[in-house]
There are 2 protein chains.
Amino acid sequence: MRIAIAQLNPTVGSLDRNFELVKKAYERACDSQARLLLTPELCLNGYPPHDLVERPETFTRTEAALEKLAALTSGKSCALVVGAILKNPKETGKKALNSAVVFEKGKQVFTQSKSLLPTYDIFDESRYFEPSKEVSVWNCDGKKIALGICEDFWAEDEELGRIYARDPVDDFQKMGVDLALSVSSSPYEKGKRARREMVHGQVAKKLKAPLAYVNQWGANDEILFDGASFVVGADGKLTHRLPVFAEGFGVFEYDFAAKAWKGETQFQAQEKETDADAEWRDLKNGLVVGIRDYFRKTGFSRALLGLSGGVDSALIAVLAAEALGPENVLAVAMPSQYSASISLEDAETLARDFRLRFEVRPIKFLFSQALREWSEGRGKLADLAQENMQSRLRGNILMTLSNHYGALVLTTGNKSELATGYCTLYGDMCGALAPIGDLYKTQVYGLCDYLNRTAKRTGQPLIPERILTRAPSAELRPNQTDQDSLPPYEFLDLTLQLYLEKRLPQAEIESEFKRLGKPTDGIKKTLRLVEINEYKRRQAPPVLKVSQKAFGMGRRMPVAKEIET
Amino acid sequence: MRIAIAQLNPTVGSLDRNFELVKKAYERACDSQARLLLTPELCLNGYPPHDLVERPETFTRTEAALEKLAALTSGKSCALVVGAILKNPKETGKKALNSAVVFEKGKQVFTQSKSLLPTYDIFDESRYFEPSKEVSVWNCDGKKIALGICEDFWAEDEELGRIYARDPVDDFQKMGVDLALSVSSSPYEKGKRARREMVHGQVAKKLKAPLAYVNQWGANDEILFDGASFVVGADGKLTHRLPVFAEGFGVFEYDFAAKAWKGETQFQAQEKETDADAEWRDLKNGLVVGIRDYFRKTGFSRALLGLSGGVDSALIAVLAAEALGPENVLAVAMPSQYSASISLEDAETLARDFRLRFEVRPIKFLFSQALREWSEGRGKLADLAQENMQSRLRGNILMTLSNHYGALVLTTGNKSELATGYCTLYGDMCGALAPIGDLYKTQVYGLCDYLNRTAKRTGQPLIPERILTRAPSAELRPNQTDQDSLPPYEFLDLTLQLYLEKRLPQAEIESEFKRLGKPTDGIKKTLRLVEINEYKRRQAPPVLKVSQKAFGMGRRMPVAKEIET
């Protein structure tokens with residue numbers, strides 16, 4: 001049986017555009033003599049559709065697009081499996097279903113709706129969808145095919161915990177199936193792919209059947225999808241994989257007699273690299289795709305950012321240049337009286353080497369004038385207010401340029417800053433998208449190191465070395481460094497990771513630090529900073545999510561609350 | 001049977017403070033010879049606790065507080081019904097339960113967990129809680145008592161639709177009960193109280209049993225709770241109600257022989273007013289409580305806002321003065337070359353009449369200097385960029401004052417502006433809280449009218465009449481008015497209400513307009529403005545929710561999406 005997998009990048013809410021993606025893939029599958037084409041979860045609507053599911057237009061438009069898809073299959077021998085939002089036909093329950101629909105010869109021949117609705121972190125599926133209480137198999141050429149929609153095959157994942165009482169795989173196992181298909185839109189997280197492949201290998205083994213898995217690729221708002229669709233044998237072994245963070249189409253033939261996949265597409269050619277470097281490469285590609293898709297899907301082509309001479313803005317400038325082309329990236333240096341001259345030099349060097357557009361717009365005159373106006377008859381403005389004022393003048397400059405040129409501002413803050421509030425609301429937090437808002441400062445350095453190591457091999461431009469070795473500073477007062485206010489990043493980032501991602505309470509973080517022989521004195525203060533700065537994050541731009549727990553839609557904390565850490 | 005109802009205002013996450021509230025109420029209930037005390041849903045944790053439910057500290061702290069509560073009841077004849085987060089004892093499913101726990105004589109004698117978990121709008125309960133699959137009755141002095149947790153008694157609400165397959169009230173009906181208790185934290189919406197009381201009247205009739213209902217009051221972040229706890233007879237008729245938007249404690253005796261409530265507390269004394277005015281009064285009180293609690297629960301006492309001479313900032317200044325005391329409200333006029341002199345006059349008059357602190361900080365010099373720096377060698381700055389620059393300079397002034405004085409900025413935008421993007425990100429959108437962000441412009445006028453009518457009766461200061469009669473203007477260019485860019489507010493607000501709250505598609509909004517004899521030409525443009533401005537709302541401050549659908553946590557729309565209206 002020849003199975004085509006189309007790893008597509010749909011746009012949320014764009015039924016017309018998504019229909020065209022499926023149509024092209026279906027034509028290609030027909031040309032390849034595939035017996036069926038597999039497309040991602042909700043690929044007709046784009047995932048996640050959020051509250052668009054609640055709009056009545058969504059049902060009428062989806063139904064119309066599904067009718068057109070059915071018509072495509074008329075007179076063809078290739079079946080089409082497509083993910084779409086269906087109206088729940090029952091009178092009670094949520095109004096929608098998250099479904100995989102099978103079209104064959106012009107007709108809808110099978111439908112399976114999702115049983116397990118992820119409702120945690122960024123997922124809100126119980127908000128919209130009624131779960132399916134049962135599964136059935138699609139009989140195709142005498143073979144019993146199990147259709148799982150994403151989470152349906154994840155019930156036994158250890159990281160998830162046993163949050164579902166029922167496991168649809170058990171039901172399929174009882175029925176006995178010949179082939180399993182997973183229709184997925186599974187978000188990227190650093191290091192998640194191995195886990196995903198392991199979980200699906202176990203499902204295949206349990207069902208004693210081969211499994212084909214399709215994943216969406218691209219980005220929708222904060223969420224990155226890495227694609228990396230694959231097939232595994234009945235023994236649970238992965239044999240073929242589509243590209244990571246790229247369009248992908250593959251035709252894989254399963255020989256039921258020989259119990260083996262024969263595929264025209266093999267693994268993506270890999271450079272020789274360590275596993276750690278492979279993770280950095282995926283991360284970099286994910287961030288580039290995240291920037292590119294956010295711009296494309298909001299209808300913008302040009303970006304601008306403040307280039308301070310520090311490591312965060314350097315990294316974002318390099319990522320944006322790759323995502324949008326350096327000619328579409330305007331880097332703006334905005335020195336004040338507190339900026340070191342080497343900061344401006346390094347910013348200029350980086351902009352020149354990476355062929356970015358570059359402007360210098362000093363804030364010192366405006367800052368001096370604002371300070372003078374402030375102080376008239378009122379004495380000295382508080383230090384913190386002076387620091388934030390500079391940052392907000394820079395924010396105003398960037399936003400004015402944004403309005404003037406029709407370009408989007410990229411926010412340069414990292415996760416360590418967002419977590420501790422070491423950033424200025426309406427100042428350096430300005431922007432349409434925070435590409436590295438889910439990377440701790442130590443990870444920012446790690447990714448820069450990886451980029452420079454790779455660039456050295458390939459002769460590409462380097463991030464200036466001094467940017468990576470200088471002590472980080474906000475340059476908002478004379479001789480300031482980040483470590484005047486924060487613990488060393490090595491300790492800070494570990495504290496944050498244990499608190500935010502591992503959800504450990506303070507006492508357990510302290511135990512872990514002691515076990516590792518690290519100083520525990522900054523921990524309490526760090527946790528307090530996290531808690532009292534919720535109000536800043538509530539107004540932060542969307543952050544590209546790359547970890548298990550990013551700030552944004554997937555973390556919902558009260559602002560007005562008792563601070564207990 | 002004497003039943004005490006404690007209408008409490010807990011703080012999210014503050015186990016110690018909430019414990020004290022329950023303790024004081026319990027002592028009062030004992031003093032009143034009550035047989036049981038009823039407290040609101042999750043009142044030990046504060047509602048909504050959001051992702052605090054996922055913190056392991058929450059379980060340990062809640063368990064410790066519950067033990068202390070159990071000890072309180074030792075040797076007393078009053079039972080305590082308290083809402084708290086419990087750990088789900090089962091191995092599968094979500095880790096927490098939303099429960100009502102009954103303590104009597106030092107022991108936990110009964111527990112009922114919530115069956116129906118609201119997961120729509122602002123509610124995310126399926127994210128955290130495992131639903132109870134069954135209900136049982138608490139046997140108290142030979143009476144069978146049904147405990148419903150908030151949504152458990154709402155399954156038959158028509159507005160909600162039949163979103164739940166099971167209705168716990170049916171189960172209770174089959175068992176037969178003598179008394180029903182509802183443990184609730186039910187958010188306020190303009191006009192919702194009548195619906196709430198009707199729904200619970202129907203439950204009582206269905207169960208042929210009296211019902212006592214307790215609701216949280218106060219505000220947590222965006223969400224207002226109006227209290228207004230009540231009791232209804234077995235005939236469904238409401239006989240007693242606790243205050244609206246205020247602390248409340250009542251003891252009500254139900255005579256099972258006479259089938260009637262005898263209560264010490266009667267209805268809250270009402271002024272003679274129309275139903276419409278009663279709604280305006282509740283709305284005003286709700287906004288005042290929302291402001292006050294946000295400040296108190298985040299640890300601030302002073303507010304500041306830009307007072308432009310327009311109606312929005314005038315209303316917020318008046319509300320803030322009532323919430324925090326006028327001496328704690330700093331109103332700042334920030335005129336530019338485009339500000340009418342009467343704007344400043346009206347702002348001054350209002351500040352003087354309401355005894356606010358008042359400062360004038362013109363932006364014209366800074367704006368001129370910024371414009372000069374911008375234009376050097378680059379030609380004229382785009383008009384839109386010039387307008388936003390002014391707004392952002394004002395934002396910077398307010399935030400600098402905020403940093404300097406340790407006061408929170410109140411955001412003055414209304415729902416019509418937020419919906420259409422007629423506001424400047426990081427400019428007039430700056431602030432910690434948007435008190436009228438869920439009021440359409442026409443409602444802003446309506447509330448001001450109500451306030452002035454009431455003030456005339458009581459001799460309180462008035463919002464200057466000219467503020468209510470002048471054509472609204474952002475004053476960002478010469479002779480600008482809102483209606484240069486937007487349809488008349490009467491039409492705009494109706495369009496928005498039908499689109500956002502009633503979820504009608506464009507064609508049906510047009511039909512409705514035609515039916516009403518109104519012009520349809522601005523509708524398409526309005527809907528497009530709503531869609532393309534999602535990015536601004538993503539970074540807006542928390543909005544006090546007073547309608548069925550407010551911007552904020554309860555409305556989750558993709559930013560990068562196809563614009564189809």
Discussion item. With a 4.5 angstrom heavy-atom cut-off, is it the side chain or the backbone of B:A165 that approaches chain A, or both, or neither?
Written reply: both

Worksheet item: Any idea which of A:N18, A:T60, A:D383, A:D121 has the most non-hydrogen atom pairs under 4.5 angstrom with chain B?
Response: A:D121

Worksheet item: Given a strict heavy-atom distance threshold of 4.5 Å, which part of A:E222 is in contact with chain B: side chain, backbone, both, or neither?
Response: side chain

Worksheet item: Looking at A:R17, A:E54, A:E387, A:Q386, which one has more heavy-atom pairs under 4.5 Å with chain B than the rest?
Response: A:E54

Fill in: Contact winner vs chain B - A:E130, A:E91, A:M399, heavy-atom pairs under 4.5 Å
A:M399

Discussion item. Given heavy-atom pairs under 4.5 angstrom as the criterion, report whether the side chain, backbone, both or neither of B:T400 touches chain A.
Written reply: both

Worksheet item: Closest heavy-atom contact between B:Y120 and A:R127?
Response: C-NH1, 3.6 Å

Practice prompt. Give, as side chain, backbone, both or neither, the part of A:K380 having an atom under 4.5 angstrom from any heavy atom of chain B.
Written response: backbone

Practice prompt. Measure A:D124 against the heavy atoms of chain B and call it side chain, backbone, both or neither at under 4.5 Å.
Written response: side chain

Practice prompt. Decide yes or no on side-chain contact (heavy atoms from CB on, under 4.5 Å) for B:W374 and A:I397, but give the supporting numbers first.
Written response: CA-CA 9 Å; B:W374 276 104; A:I397 290 177; 3.5 Å; yes

Worksheet item: Distance-only, no hydrogens or angles: does the B:H404 side chain make a donor-acceptor pair with backbone N or O of A:A382 under 3.5 Å?
Response: yes

Item to complete: Could you look at A:P118 and say if it's the side chain, the backbone, both or neither that has a heavy atom under 4.5 Å from chain B?
Response: neither

Worksheet item: Relative to chain B, which of A:C430, A:P362, A:S126 shows the most heavy atom pairs under 4.5 Å?
Response: A:C430

Worksheet entry | When A:F365, A:Y535, A:Y405 are compared by non-hydrogen pairs under 4.5 Å with chain B, the top option | A:F365

Item to complete: Using the side-chain contact (heavy atoms from CB on, under 4.5 Å) rule, take B:H50 and A:K561 through it: C-alpha gap first, then chi angles, then the decisive distance, then the call.
Response: CA-CA 11 Å; B:H50 292 303; A:K561 63 175 185 299; over 6 Å; no

Worksheet entry | Nearest heavy atoms of A:R392 and B:N403, plus distance in Å | NH1-OD1, 3.2 Å

Worksheet item: chain B: which of A:R361, A:K297, A:M429, A:M557 shares the most heavy-atom pairs with it under 4.5 Å?
Response: A:R361

Item to complete: Measure B:Q369 against the heavy atoms of chain A and call it side chain, backbone, both or neither at under 4.5 Å.
Response: both

Worksheet item: Any side-chain heavy atom of A:Q539 sitting closer than 4.5 Å to one from B:Y426?
Response: no

Worksheet item: What are the two closest non-hydrogen atoms of B:D51 and A:K549, and how far apart are they?
Response: OD2-NZ, 4.3 Å

Worksheet entry | Side chain / backbone / both / neither for A:L401 at chain B, heavy atoms under 4.5 Å | both

Fill in: Engaged part of A:R296 at the chain B interface, taking heavy atoms whose separation is under 4.5 Å
neither

Item to complete: Give a yes or no answer on whether the side chain of B:R55 reaches the backbone of A:L504 with a donor-acceptor pair at less than 3.5 Å.
Response: yes

Worksheet entry | Proximal component of B:F295, with respect to chain A [non-hydrogen, under 4.5 Å] | neither

Worksheet item: Considering the options B:N388, B:L393, B:N396, which one meets the side-chain contact (heavy atoms from CB on, under 4.5 Å) requirement together with A:N396?
Response: B:L393

Worksheet item: Looking at A:E57 and B:P505, what are the two nearest heavy atoms and their distance?
Response: OE2-CA, 3.4 Å

Worksheet item: Roughly how far, to the nearest 0.5 Å, is the CG atom of A:L52 from the CD atom of B:E531?
Response: 7.0 Å

Discussion item. Using a 4.5 angstrom heavy-atom cutoff, name the option from B:P48, B:P542, B:G161, B:G93 with the most pairs to chain A.
Written reply: B:G93

Worksheet entry | Under 4.5 Å from any heavy atom of chain B - which part of A:A370 | both

Worksheet item: Taking it one step at a time, do A:D221 and B:R538 satisfy side-chain contact (heavy atoms from CB on, under 4.5 Å)?
Response: CA-CA 11 Å; A:D221 287 359; B:R538 188 65 74 97; 3.4 Å; yes

Item to complete: Name the region of B:Y164, side chain, backbone, both or neither, that has any atom closer than 4.5 Å to a heavy atom of chain A.
Response: backbone

Discussion item. Which heavy atom of B:P558 sits nearest to which heavy atom of A:V12, and what is that distance?
Written reply: CG-CG1, 3.5 Å

Worksheet item: Does any heavy atom of chain B fall under 4.5 Å from the side chain of A:E359, the backbone, both, or neither of them?
Response: side chain

Worksheet item: For the residue pair B:E373 and A:L366, what are the closest heavy atoms and their distance?
Response: OE2-N, 3.7 Å

